[in-house]
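If you're wondering where the values come from, they're calculated on a predicted model, not measured in any experiment. Residue numbers start from 1 in every chain, and the chains themselves are labelled A, B, ... in the order their sequence lines are given, proteins ahead of strands.
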Amino acid sequence: MARGEPNDGGAERQLTLVEAVREALAEEMERDPTVVVLGEDVGLLGGVFRATEGLSARFGAGRVVDTPMAELGIVGIAVGLAMRGLRPVAEIQFADFLHAAADQLIGEAARIRWRSAGDWTCPLVVRAAYGAGFRGGPYHSQSVEAFYCHVPGLKVVAPSFPADAKGLLTAAIRDPDPVLFLEHKLTYRAVKGPVPAGEHVAQIGRAHVVRSGDALTIVSYGRMLHESLAAAEQLADLGIEAEVLDLRTLLPLDRPAIIESVRRTGRLCVVHEDTLTMGLGAEIVALAAERLAGELRAPPIRVAMPDIAGIPVQDPLEDALIPGRHRIVDAARTLLRGSRPARSAAAYDAAAAEASSVVEVAMPEEHLERALSAVERACREFPVCNAEFTWDGIKAHDAVRIDLDLGPRAPCRGDGTFTVTDFGPGSSALGLPAVRPGQTAALRIGAVRDGAAWLALTVDHRAVDGAVAGRFLRRVKELIEGD
Amino acid sequence: MIDLERAYGLMTLARRLDERMWGLARAGKAHFAVPCAGHEAIGAGYALALGAGHDFVAPHYRDLSAMLALGVSPREVMASFFARPRDPSSRGRQPYAHWGSKRLRILTLGGPQPNHVTHGVGIAWGSRLLGEDSVTWIAFGDGGAQKGEVHEAMNFAAVHRLPCVFCVENNLYAQSVPARLQHAVTSLSQRAAGYGMPGVAVDGMDVEQVHAAAKDAIDRARAGGGPTLIEASCYRFRANTSNDDDSRYRPADEAARWRARDPVRLLAGRLGARRARIQDESAEAVAADAAAWAEAQPWDDPASALEHTYAG
């Protein structure tokens, strides 16, 4: 809804992504008479995807110009318009055709400010529809972002939601530098969402957490962002809460947002429809490796198009190649399965089954030394309770080192082979301890009441049978109560 | 009518600066010289037909005489040659002859030729959209004229009758490749018919002819008559750049024939020996001062290379 028309006071309507693009163009043309639209079929036809529908009738053929079929000329002429002080928005029908104009975008638009030491500028927007999934074949389906994300001086924006399409396109038109604005053609009509009426400007260069989670971080954009969200729902059914980060701007990359999320989750999965090698995933995984090496709990995974020379038009071939929610779910499960314990914080394997056993033991208030020596001896007698479970087998620890957890003010160091928790007088009489990473069992001593306390043992059930746990606990009881 | 005295002053100054740069580059004092010798009449002829600071110029890299006419000072030319911070076109980021000045309405020129031709068309269209009557002069070489981008630019300008002039400075060689291997038409101005615009061929060694054709085309563009294609034939008297060896591809007698029609000497003959000599001596002194001044300029702080990739 443009200014001057009645609106409902900033209320949000549901628009498709292409409607949001169209609204941003119309509102900016209304606001700023120097905004002009040029490209193939943008006038009478309204663009092959109808993104510019109605603009020619509203703003005239002088500002919405149907150009000859010449991509290099379209971008080069738009560069000249931008240098002259106008705000051109050039449409390249399919991102695949942008290669013809690459010299103007890479060699000229992106470099004009730098090469003139800030004298000349090039505030240009090039919009292009990209992406596969509609049987377009190898010349109407490409993802081209990686080529242009390697061009300092350019900004590359790829919205996933209608509200961002409007806000970021508005920001791109007002930006003092050239912006390549990539619109995934399958999101044009399939993605609908709330869009603020009236002026709406989003900030270029900022990613956005669209779903919170702590098990892993999925980084994506465009259509794959929606596949990532669908995958996250499936993962939630498995008890895995994935965080999904929508990049929104691909260049400059929002590095702080990526680092912040991956630091929290310790696991990274990058999803893009562009091919794998030298794609955005490589840069994002490199960023994680450089900045979070000690904090990653599993090697990062990239889910991407295989390195093939084109997108095939044949239905089952295209469907098999485009990354989707199932591949993302598989990647997430691999990330969690391959996890190792973090060095900085205790980590619990969500897949580990636990079993518990409880027994009452006679003991005085002053019992810690006696209890620890009992546990130490029992551990030697039951090596499986002083061990680590791995998928390659159960590994007994060479020595017994007890992690003593005396409560929140004196937590254990976390590098032991068995954990004993004893919060002392005034704590609860019975509580089940958790098994720490790298261990197979933990014992909690409850508060002593009337000369006795409840001892609870938890074991990693993948390593320790319930019967063994029971025998271990009875042995600890004997050793504490005996002479 | 062109002011011949003024034209000669620009042309002889361009020649003196050019000779000095060639020598300095050969002496290892600077990286790169791009000779303009042989092209002086074209630059002076068109620049004096434009409104300096009002009309836009997307120049050919051999248009030193035009740059001087539009207001680039000899010291600035030499600062650009020595890649010093006082270079107004790029602060020493680009090699010499990659002109540019927003204040003087000279477009920033990149390396690949002739990428600026489409920019000139965009500038011309922008001037119309902004309601200004400025004309854009778009110059390029015979080598650049063979690229597809020039076709796209001229076609668009003709369709929309944009206020611009295309000028091919045809010196018969794209570095080493001769005209006969570049184009089949006898004059590149014949191509104008294919776009539906007037095409004019002029002697680019004669500043009066260039000026007259330029003025005619500029007036037509300003009046809404659309673009014109001018071919100005000339000959470069030196190699393509200081990194080139033209003896490998050009016969010596060909250069001698063209030197007999040297544009600077041709105009000196019309002006009279005495008036020409006064200007020559003055130009020599100005060129010497500019070179000495520029060579003594300090370098930039290396950290400044990080500036201007993005705004702010």
Side-chain angles (χ1 to χ4, degrees), chain A residues 33-36 38 61-63 65-88 90 100-101 103-104 106-124 151-155 175-179 204-205 251-252, chain B residues 56 58 85 87-94 98-103 105-112 115-130 132 134 136 138 147-157 159-160 162 164 300 304-312:
Chain A
T34 68
V35 176
V36 294
L38 66 156
R63 287 178 68 195
V65 178
D66 276 325
T67 64
M69 201 181 77
E71 287 79 11
L72 180 58
I74 292 168
V75 177
I77 289 165
V79 167
L81 284 168
M83 289 170 75
R84 186 69 178 86
L86 286 99
R87 294 282 173 160
D103 194 18
Q104 281 295 338
I106 297 169
E108 302 291 328
R111 201 167 281 160
I112 277 171
R113 179 188 295 280
W114 184 88
R115 80 177 187 211
S116 66
D119 190 22
W120 286 95
T121 60
C122 189
L124 156 77
V151 183
L154 205 60
K155 295 180 180 179
D175 198 276
D177 288 308
V179 179
I204 291 176
L251 185 73
Chain B
F56 285 84
D87 159 28
S89 54
S90 80
R91 204 170 138 186
R93 272 58 176 158
Q94 293 212 79
H98 294 64
W99 317 111
S101 166
K102 193 167 186 186
R103 180 177 63 87
R105 298 197 156 184
I106 301 165
L107 275 67
T108 164
L109 191 61
N115 287 10
H116 59 290
V117 172
T118 47
H119 303 173
V121 171
I123 293 269
W125 182 15
S127 294
R128 173 187 287 171
L129 287 167
L130 294 172
E132 261 196 37
S134 49
T136 303
I138 305 166
K147 272 175 94 166
E149 187 167 358
V150 175
H151 160 71
E152 297 185 20
M154 294 206 287
N155 186 49
F156 189 89
V159 165
H160 292 275
L162 294 178
C164 57
D300 252 333
S304 69
L306 301 176
E307 296 168 11
H308 301 305
T309 290
Y310 294 101

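Remark: B:H151 pairs with B:Y195 by the side-chain hydrogen bond (donor to acceptor under 3.5 Å, both in side chains) rule, at least two apart or across chains. Listed by chain and number, the residues in a ring-ring contact (aromatic ring centres under 6.0 Å, His included) with B:H308 amount to none (sequence neighbours excluded).
The candidate from B:V121, B:D87, B:L130, B:V117 with the greatest count of non-hydrogen atom pairs under 4.5 Å with chain A is B:L130. In terms of heavy-atom pairs under 4.5 angstrom with chain B, the leader among A:T121, A:D175, A:I74, A:D103 is A:D103. Ranked by heavy-atom pairs shorter than 4.5 Å toward chain B, the options A:V79, A:L72, A:T34 are led by A:L72. Of all the listed residues (B:R91, B:Q94, B:E307), the one sharing the greatest number of non-hydrogen pairs under 4.5 Å with chain A is B:Q94.
Only the side chain of A:L38 has a heavy atom closer than 4.5 Å to any heavy atom of chain B. Contacts of B:L107 with chain A are made by both backbone and side-chain atoms, with heavy-atom separations under 4.5 Å. If you measure heavy-atom distances from B:A124 to chain A, you find no contacts under 4.5 Å at all. Of the atoms belonging to B:S127, heavy atoms from both backbone and side chain fall under 4.5 Å from chain A. Using a 4.5 Å cut-off between heavy atoms, A:V75 makes no contact with chain B at all. With a threshold of 4.5 angstrom between heavy atoms, B:I106 approaches chain A through N, CA, C or O but not through any side-chain atom. Only the side chain of A:D177 comes within contact range of chain B, judged by heavy atoms closer than 4.5 Å. Looking at B:I123, the atoms closer than 4.5 Å to chain A (heavy atoms on both sides) sit in the backbone and in the side chain alike. For B:N155, the part lying under 4.5 angstrom from a heavy atom of chain A is the side chain only. Looking at A:P152, the atoms closer than 4.5 Å to chain B (heavy atoms on both sides) sit in the backbone and in the side chain alike. Of the atoms belonging to B:H160, it is side-chain heavy atoms, and not backbone ones, that fall under 4.5 Å from chain A. Interface remark: B:T108 contributes backbone and side-chain atoms alike to the contact with chain A (heavy atom separation under 4.5 Å).
Of the possible polar contacts, none joining the B:D300 side chain to the B:P85 backbone as a donor-acceptor pair under 3.5 Å is found. A donor-acceptor pair is defined here as one N or O able to donate and one able to accept, closer than 3.5 Å; such a pair exists between the side chain of A:W114 and the backbone of B:A305. The main-chain N or O of A:P176 is found under 3.5 Å from a side-chain atom of A:R113 such that the two form a donor-acceptor pair. Formation of a donor-acceptor pair under 3.5 Å by the A:R87 side chain with backbone atoms of A:P123 is not found in this model.
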Can you check side-chain hydrogen bond (donor to acceptor under 3.5 Å, both in side chains) on B:H116 and A:E108, steps first, answer last?
-> CA-CA 9 Å; B:H116 59 290; A:E108 302 291 328; over 6 Å; no
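Separating the CZ atom in B:F56 from the CD atom in B:E132 is a distance of 6.5 Å, to the nearest 0.5 Å.
Ion pairing of B:E152 with B:K147 is absent here, as no side-chain N (NZ or NE/NH1/NH2) approaches a carboxylate O to less than 4.0 Å.
B:L129 and A:G62 make their closest contact through CD2-O, 3.5 Å (heavy atoms, listed as atom of the first residue, atom of the second, distance).
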